[in-house]
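Convention: sequence-line order gives letters A, B, ...; per-chain numbering from 1. As the structure is a computational prediction, the values presented were derived from the model and not from experiment.
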Number of protein chains: 2
Amino acid sequence: MALGKDYAGQQCALARALELVGERWTLLVVRDVFYGVRRFSDFQAHLDIPRAVLTARLSVLVDAGVLLRRRYQDSPPRDEYDLTDTGRALWPAIFALTQWALEYVPSAAGAIREFAHLPCDRVVDRTGACPACRRIAPVEELEMRPGPGILGHTRTDPVTLALRRPHRLLEPLDLSAPTARA
Amino acid sequence: MALGKDYAGQQCALARALELVGERWTLLVVRDVFYGVRRFSDFQAHLDIPRAVLTARLSVLVDAGVLLRRRYQDSPPRDEYDLTDTGRALWPAIFALTQWALEYVPSAAGAIREFAHLPCDRVVDRTGACPACRRIAPVEELEMRPGPGILGHTRTDPVTLALRRPHRLLEPLDLSAPTARA
């Protein structure tokens, strides 16, 4: 069934959010930028997303002001993507959906990633609060670390392997460093 | 482009969440159940959603354990829907997406709805915290009230009109009471 991407007649904010980030794959692309993925080929390697779909999703996100596109090489032309402030503000929604699935749609293996509040060095709870300082940890202060489910994680693309090292959110992922192979 | 609804090869919790609630319209249907909508014809009136799509979404949500289906009339057969605990746990994600759009994808009119923490009688902030008690307000303690944007809200279906009255989340919407016409 063909469905448009807008929600004509719906005037609530949730419908506006879904018009921008509710399309298939979009939130996984945004999540990857939080994880430090910046380049087209790396999104592709990590998400196995069809090329045309990835191109379309990145364009929508740039047009919506969620991502910023930067040319890092002219010949051949290559762009990289980073989150705007609007994009960074999506973290609570991405975190909440992730925590919901961890608790209510569990996989056999458990969480493949955990998020630690760096200043306190404590893993945040499912509301995103740090058990030490009790604040909701801002995304700039979070480090992603392998969780107990990492042992059952079978992907072996370079992005997945790089993400097995503790990694501060929002910082570009270093894909040249030696990778941990769990 | 035809895309399946699963994310084969993606093992993260966010992909599992999106497989269940990432389809078009699904989160708007779940949101409506939080608002007290229970019956097929009322979802349809409020969302202008094609009948076949609504049927499909409700079935997926029941199969996923997000909604519970209850027969309330046998002849002709009529069902109503309520949230399970799994479904109620989606509130933080729905709230976070809504608040994101309110702040970053603003409409001219402003928020059409606000959420107040009933025990403290204070509107929660965009993290969902009550400014009086500082707790993240549980959905069971929230009342939805018309916000400043309600004056620019042009929908006139019975569900929209009923939702213009203050209404405790999760409680069935009373569609027989006289409606406020803004």
S.K.: Go through the atoms of A:Arg155 and report whether side chain, backbone, both or neither lie under 4.5 Å from a heavy atom of chain B.
M.R.: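 Both parts, backbone and side chain.
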S.K.: Tell me which of these, B:Gly22, B:Gly65, B:Ala101, has more heavy-atom pairs under 4.5 Å with chain A than the rest.
M.R.: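 Of B:Gly22, B:Gly65, B:Ala101, B:Ala101 has the most heavy-atom pairs under 4.5 Å with chain A.
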S.K.: Report, as yes or no, whether the 6.0 Å neighbourhood of atom CZ on A:Arg69 holds more than 12 heavy atoms from other residues, nucleotides or ligands.
M.R.: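 Atom CZ in A:Arg69 is crowded, with more than 12 foreign heavy atoms closer than 6.0 Å.
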S.K.: What do the steps show when you test A:Trp100 against B:Val21 for side-chain contact (heavy atoms from CB on, under 4.5 Å), and what is the final call?
M.R.: CA-CA 11 Å; A:Trp100 175 75; B:Val21 300; 4.1 Å; yes
S.K.: Hydrophobic cluster membership, with links at side-chain heavy-atom distances under 4.5 Å among I/L/V/M/F/W/Y: are B:Val123 and B:Val139 in one?
M.R.: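 Cluster IDs for B:Val123 and B:Val139 differ.
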S.K.: Going hydrophobic residue to hydrophobic residue with side-chain gaps under 4.5 angstrom, can you get from A:Leu163 over to A:Leu175?
M.R.: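 As far as the 4.5 Å side-chain criterion goes, A:Leu175 and A:Leu163 are connected within one cluster.
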S.K.: Please find the pair of heavy atoms, one from A:Cys12 and one from B:Leu28, that lie closest to each other, and give the distance.
M.R.: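 Residues A:Cys12 and B:Leu28, closest heavy atoms: SG-CD2, 4.2 Å.
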S.K.: Give the minimum heavy-atom separation between A:Leu27 and B:Leu14, together with the two atoms involved.
M.R.: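 Between these two residues, the closest heavy atoms are O-CD2, 3.8 Å.
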S.K.: Tell me, for B:Thr127 versus chain A, whether the close heavy atoms (under 4.5 Å) come from the side chain, the backbone, both or neither.
M.R.: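 Neither the backbone nor the side chain of B:Thr127 comes within 4.5 Å of chain A.
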S.K.: How long is the gap from CZ on A:Arg134 to CZ on B:Arg134, to the nearest 0.5 Å?
M.R.: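 If we round to the nearest 0.5 Å, A:Arg134:CZ and B:Arg134:CZ are 13.0 Å apart.
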S.K.: Report, by ascending residue number, the residues of residues 87-95 of chain A in heavy-atom contact with chain B at a distance under 4.5 Å; give 'none' if the set is empty.
M.R.: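 Residues in range: A:Ala89, A:Leu90, A:Pro92, A:Ala93, A:Ile94.
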S.K.: How many angstroms lie between CG in A:Leu18 and CD in B:Glu23, if you round to the nearest 0.5 Å?
M.R.: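 Taking CG in A:Leu18 and CD in B:Glu23, the distance rounds to 12.5 Å.
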S.K.: Should B:Phe40 and B:Leu47 be counted in the same cluster of Ile, Leu, Val, Met, Phe, Trp and Tyr side chains packed under 4.5 Å apart?
M.R.: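 Yes, B:Phe40 connects to B:Leu47 through the hydrophobic network.
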S.K.: Any side-chain heavy atom of B:Leu102 within less than 4.5 Å of one from A:Arg16?
M.R.: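 The answer is yes, as the side chains (C-beta and beyond) meet within the 4.5 Å cut-off.
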S.K.: Decide whether B:Val29 and B:Val53 are clustered together by the hydrophobic rule: side chain heavy atoms of Ile, Leu, Val, Met, Phe, Trp, Tyr closer than 4.5 Å, transitively.
M.R.: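 Same cluster.
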S.K.: In this structure, would A:Ile136 and A:Leu169 fall into the same cluster of hydrophobic residues linked by side-chain contacts under 4.5 Å?
M.R.: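 Different clusters: A:Ile136 never reaches A:Leu169 through Ile, Leu, Val, Met, Phe, Trp or Tyr contacts under 4.5 Å.
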S.K.: Side chains of residues 111-121 of chain B: which donor-acceptor pairs under 3.5 Å do they make with residues two or more places apart or in other chains?
M.R.:
unit_1	atom_1	unit_2	atom_2	d
B:His117	NE2	B:Glu141	OE1	2.6
B:Asp121	OD1	B:Arg145	NH1	3.1
B:Asp121	OD1	B:Arg145	NH2	2.7

